[in-house]
**Student:** 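Sharing a structure with you now.
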Amino acid sequence: MNLHPLSSPRQASGRGLSLRKNTWVPAYGLPGRRIVSITGLISFCILTSPLQAADTPAPAYGDAYADSSIGDASMLNPVLASDSASNDINNQVFNGLVKYDKDLNLAGDLAESWEIKKKGLVIVFHLRRNVRWHDGAPFSADDVLFTYEKLRDPRVHTPYASDFDDVESVKAPDPYTVRVVYKKPFAPGLASWGMGIIPRHVFENAHNPEDFNTHHANRAPIGTGPFRFKEWKTDQYILLEANPDYFLGRPYIQKYIYRIIPDQAVEFLELRNQSIDAMTLTPDQYKAYDAIFAHHNRFRYPAFRYVYLGFNLKNPLFQDRRVREAIALSIDRNALVQGLQLGLGQPISGPFAIMSWAYNPHVTPPPYDPSRARRLLDEAGWRPGPGGWLQKDGRVFSFTIMTNQGNKVRQLCSEVIQQQLGRVGIEVRIRIMEWSTFIRNYIDKKDFEALVMGWQLGRDPDIYAMWHSSQQKEGQYNFCGYSNKEVDRLLVEGRETFDQKKRQEIYWRAHELIAADLPYVFLYSPDELQAVHKRFIGPEVAPAGLGWNFWQWYVPEKLQRYKTEMIQ
Amino acid sequence: MIPYLLRRLLQVIPTLIGISIISFFLIQLAPGGPIDQIADLNPHVTPEVKQRISHDMGFDQPIPVQYARWAGRMARFDFGKSFNDGRPVLRKIAERLPATLLLNILSILFMFLVAVPIGAISAVKANSWFDKASTVFVFLGFSVPTYALALLLMIIFGLELGWLPISGLRSLSFMPMPLTARMLDMARHLVLPTLVLGLTDLAGLSRYMRNSMLEVVHQDFIRTAKAKGLSNWRVYGVHAARNALIPLLTMFGLMIPDLIGGGVIIETIFAYPGMGRLGYEAIMTRDYNLVMAITVISALLTVLGNLLADILYAYADPRIRYAGR
């Protein structure tokens, strides 16, 4: 389930996410290492260093890992599902051809290796041999073809079809080779093959044809991953068990339980009670007394999302860049991070995830400088009038910030901005709206002045959909109306360049330009906060987050809590 | 009586049609649709893809056409499939119904068992210390927010004392247990939600009982009974209570639809897999088929519940007979 009364759909997904196990956020992929330059980033790793001491106990098989989420999965089929709970499970049950490693570089998964030919027009994947589906059938290139057919089938309700729009053909010259031909080079395309591969023999049953969208296997998945599906009690729990034939070796943890606990306060009580082993924490839970975490370790790492104040650039009020800059200078980002995230996050300067190699560390967020803001506004013709509000041609500088209902952080964020802009003489009103109404009637119709929203970003830095000037039609994502010829060119180039070094240069430049144009005031990127029971050895924060090596986690024999026969 | 019943039953049909039309149009008029779950602010999903899926599911048709299709399917008792997970909505409801019925029956039972004696004693001993204390108690239960009460009980009995599980319907080690242990396990999980659900509605019911009892105890036949020298138990427990309980039958009839409609808040707090969460999530995700199925079934039960209350009324109170009307 995507929705929770306390958050927007997308936001709920973010919070429901419990462990980002190599988290596959399909497409928008290919990040690698990023130079860590922002103070504080390094300290995470020290703060949250796992308990891998010198005398680490020997790995042992057994025990169960009780994870939790505020929302249930919808479909355990990677082609159809996009919510975070489904992704959490699908990541354990399925494999893509490629995956992101701990440093966010693309690595082989079901494909042992790949070649990029003809300047990116052709990608040839060499598949692993001897991989078996959980039901024992052998995995082959034919399954990759099937997955692709379904992604392109107009009758299949997949949210990922557009990632494969530029594919001309996919062929299997032999059972262990897949040859993908693109119409034009598409760099994010390689990462899009991290899509979980689904088995043809399960879905194409001649005796019992079923509609793919409502197929029974969407609730009882058969994959190739480290864990096999065992049981799903809707809105109660999902149970997986270790796959002894996993191609990278059998996972140590025998059972994986995914409990659905829709209320975060209750989830926290269950954690304290040790009836669950892991959960996503809120900032105030993370900052709770140490005694509360007697049995759990806390982990913290930058999220692949950010919060922003976006302008409607078609609105005359915001067409003067000086005005936008003045607003940016009047907002104290550090105060926002302190107040809303209790310091568990960091100010950002541009449109990329702070851990991505595309994020340009040389661009700094605008400083908090209200007096310079006043000067800029004065230059733009806004002078203080009666009541202290700025005026120009008899009009008071006043606008409305819209945000969606149910997201407490965004509401508070709007209020802080209202207060901070009030100090320089700008009157801000706040309007909070039900999610669907907000999207359909205001964002899609571009009927807003400014909004406080957030973006959840993929691992690949392609941001064409949000920033290219062609993406401004109703229902598209450049709803602020941003358009810059050079950025357009760079975003197209970024999609066509496979070389990561060159691509980084392109995106650093785009970052610089977008930051200078100020279509958004980029506010901050929150941290992902996780608790994991102390008996598990192996959790380690990396650029990819936590859980990227989950199949290698273990509990030393003496500390095992659940006898595996207890849970079936 | 029989013609009256038949007439009432026939009235159910137009009522249901009316309810289904209103709710169908209302939910369709709310902005958004089922596709938003995968498409809203998801840069992977282009408007063309949205359009295509929408067309494939028939959402691009005018609402009256969609209603006609839905009604056509309904005529064959086909409630359709959920857009969220592709399963038949009836199956989803059937999966949730037992848990909800169990919790609601338990809590209504608890409510009546506690509220009736409290109300009756309060009336007989009106303005005594018991009357005042019980009033304070039931109103406390009524005014403390469910959420706070539930968390408080969870902390005391779950976390601190460790007597009861905090949330859920069963333990992780449920399946391998022998049958008796399973029943005990579920019973332990049900204690807190039953208590919280029952306590919050105790006030209304016990006040009802108190008022109706007060009315009865001042009537002549009670005085006669006392004058005859009957014991207090026979006067109040038998003669008075039987008459005082009649209005409560109406309350009970009105509670029948509640039996299948779970409370969203209580189910969310206790991570309880009931109808309340199902319905709430269906509305929030615009899962039209599921919303409609739940609406139609609850409407049917509400109408039938009212009918049942009327019949019980006639049975319990000889002064009321419907035959002539």
Side-chain angles (χ1 to χ4, degrees), chain A residues 1-3 9-10 26-28 64 66 74-75 81-83 154-155 157 159-163 211 213-215 218-219 233-237 257 259-263 265-266 269-270 272-273 275 434-437 439-441 453 455 458 463 465-466 473-477 562 565-568, chain B residues 30-33 35-53 56-57 81 83-88 92 95-96 147 150-151 154-155 158-159 162 165-173 175-176 264 267-274 277-278 280-281 284-286:
Chain A
M1 240 344 113
N2 257 338
L3 267 167
R10 290 275 134 207
Y28 289 82
S74 58
M75 302 211 198
S82 65
D83 59 289
R155 291 236 41 232
H157 304 159
Y160 304 111
S162 60
D163 294 344
D211 180 14
N213 297 309
T214 57
H215 200 279
N218 297 342
R219 284 193 64 87
K233 285 260 179 234
T234 315
D235 270 344
Q236 296 188 58
Y237 61 85
I257 304 146
R259 263 202 70 187
I260 317 302
I261 306 173
D263 187 278
V266 175
L269 286 182
E270 294 276 21
R272 287 171 63 186
N273 200 31
S275 28
E434 190 266 333
W435 176 258
S436 294
T437 315
I439 305 285
R440 293 286 93 68
N441 299 358
M453 287 292 284
W455 277 118
I463 50 169
M466 291 96 116
K473 289 191 279 296
E474 182 169 340
Q476 291 184 321
Y477 303 105
Y562 298 97
E565 63 277 6
M566 261 168 61
I567 300 160
Q568 21 183 283
Chain B
I35 305 158
D36 301 346
Q37 295 315 304
I38 56 169
D40 260 353
L41 292 196
N42 181 350
H44 300 288
V45 182
T46 57
E48 294 77 47
V49 172
K50 267 186 240 181
Q51 203 86 57
R52 203 193 68 213
I53 299 179
D56 194 58
M57 288 178 156
K81 287 178 173 177
F83 302 120
N84 180 48
D85 61 4
R87 289 191 305 152
K92 292 186 74 154
E95 201 175 73
R96 298 304 189 91
Y147 189 82
L151 280 181
M154 281 175 178
I155 291 174
L159 197 60
I166 294 174
S167 69
L169 179 55
R170 33 204 201 164
S171 300
L172 295 175
S173 50
M175 286 317 277
V264 182
E267 287 177 8
T268 304
I269 301 173
F270 284 102
Y272 196 84
R277 269 162 82 195
L278 187 71
Y280 178 75
E281 281 162 2
M284 295 311 275
T285 57
R286 308 282 192 268

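Below, read A as the first sequence line, B as the second, and so on, with proteins coming before strands; counting in each chain starts at 1. For clarity, every value in this text was computed on a predicted model and none was experimentally measured. Scope of the values below: all heavy atoms of this structure, side chains included, with no hydrogens, waters or symmetry mates.
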**Student:** Answer yes if the side chains of Asp83(A) and Ser74(A) hold a donor-acceptor pair under 3.5 Å, and no otherwise.
**Tutor:**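 Yes, because at least one side-chain N or O of Asp83(A) sits under 3.5 Å from a partner of the opposite role on Ser74(A).
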**Student:** Pick from Ala81(A), Gly475(A), Ala66(A): which one has the most heavy-atom pairs with chain B under 4.5 Å?
**Tutor:**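 Maximum pair count with chain B is reached by Gly475(A).
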**Student:** When you compare the side chain of Met453(A) with that of Leu41(B), does any pair of heavy atoms fall below 4.5 Å?
**Tutor:**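 Leu41(B) reaches Met453(A) side chain to side chain.
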**Student:** Name the option with the most non-hydrogen atom pairs under 4.5 Å to chain B; the candidates are Met75(A), Glu270(A), Gln476(A), Lys473(A).
**Tutor:**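 Most heavy-atom pairs under 4.5 Å with chain B: Glu270(A).
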**Student:** Which atoms of Asn441(A) are under 4.5 Å from chain B, going by heavy atoms: the side chain, the backbone, both sets, or neither?
**Tutor:**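 Just its side chain gets close to chain B.
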**Student:** Assess the side chains of Arg259(A) and Ser275(A): does a donor N or O sit below 3.5 Å from an acceptor N or O?
**Tutor:**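 No, no side-chain donor-acceptor contact under 3.5 Å.
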**Student:** Could you check if a side-chain atom of Lys233(A) sits within less than 4.5 angstrom of a side-chain atom of Pro273(B), using non-hydrogen atoms only?
**Tutor:**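 No, their side chains stay 4.5 Å or more apart.
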**Student:** Examine whether an atom of Val45(B) lies under 4.5 Å from a heavy atom of chain A, and if so say whether it belongs to the side chain, the backbone or both; otherwise answer neither.
**Tutor:**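 Val45(B) touches chain A through backbone and side-chain heavy atoms alike.
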**Student:** Any sub-3.5 Å donor-acceptor pair from Tyr272(B)'s side-chain atoms to Leu169(B)'s backbone N or O?
**Tutor:**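 Pair absent, no side-chain N/O of Tyr272(B) close to backbone of Leu169(B).
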**Student:** Do you know which of Gly86(B), Ala30(B), Pro31(B) has the most heavy-atom pairs under 4.5 Å to chain A?
**Tutor:**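 The answer is Pro31(B).
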**Student:** Apply the test side-chain hydrogen bond (donor to acceptor under 3.5 Å, both in side chains) to residues Thr234(A) and Arg96(B): give CA-CA distance (whole Å), side-chain angles for both, the deciding distance (0.1 Å), then the verdict.
**Tutor:** CA-CA 9 Å; Thr234(A) 315; Arg96(B) 298 304 189 91; 5.7 Å; no
**Student:** With a 4.5 angstrom heavy-atom cut-off, could you sort out which part of Tyr147(B) is near chain A: side chain, backbone, both or neither?
**Tutor:**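 It is the side chain, since no backbone atom gets that close.
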**Student:** So which of Ala265(A), Ala161(A), Ser162(A) has the biggest tally of heavy-atom pairs under 4.5 Å with chain B?
**Tutor:**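 Highest number of heavy-atom pairs under 4.5 Å: Ser162(A).
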**Student:** Tell me, do Arg52(B) and Pro154(A) make a side-chain contact under 4.5 Å, heavy atoms counted?
**Tutor:**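 When only atoms from C-beta onward are counted, Pro154(A) and Arg52(B) do touch, with a gap below 4.5 Å.
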**Student:** Name the option with the most non-hydrogen atom pairs under 4.5 Å to chain B; the candidates are Glu434(A), Glu474(A), His215(A), Arg155(A).
**Tutor:**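 When all of Glu434(A), Glu474(A), His215(A), Arg155(A) are compared, Arg155(A) has the most.
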**Student:** Can you tell which part of Ile439(A) gets under 4.5 Å to a heavy atom of chain B, answering side chain, backbone, both or neither?
**Tutor:**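 Contact with chain B: side chain only.
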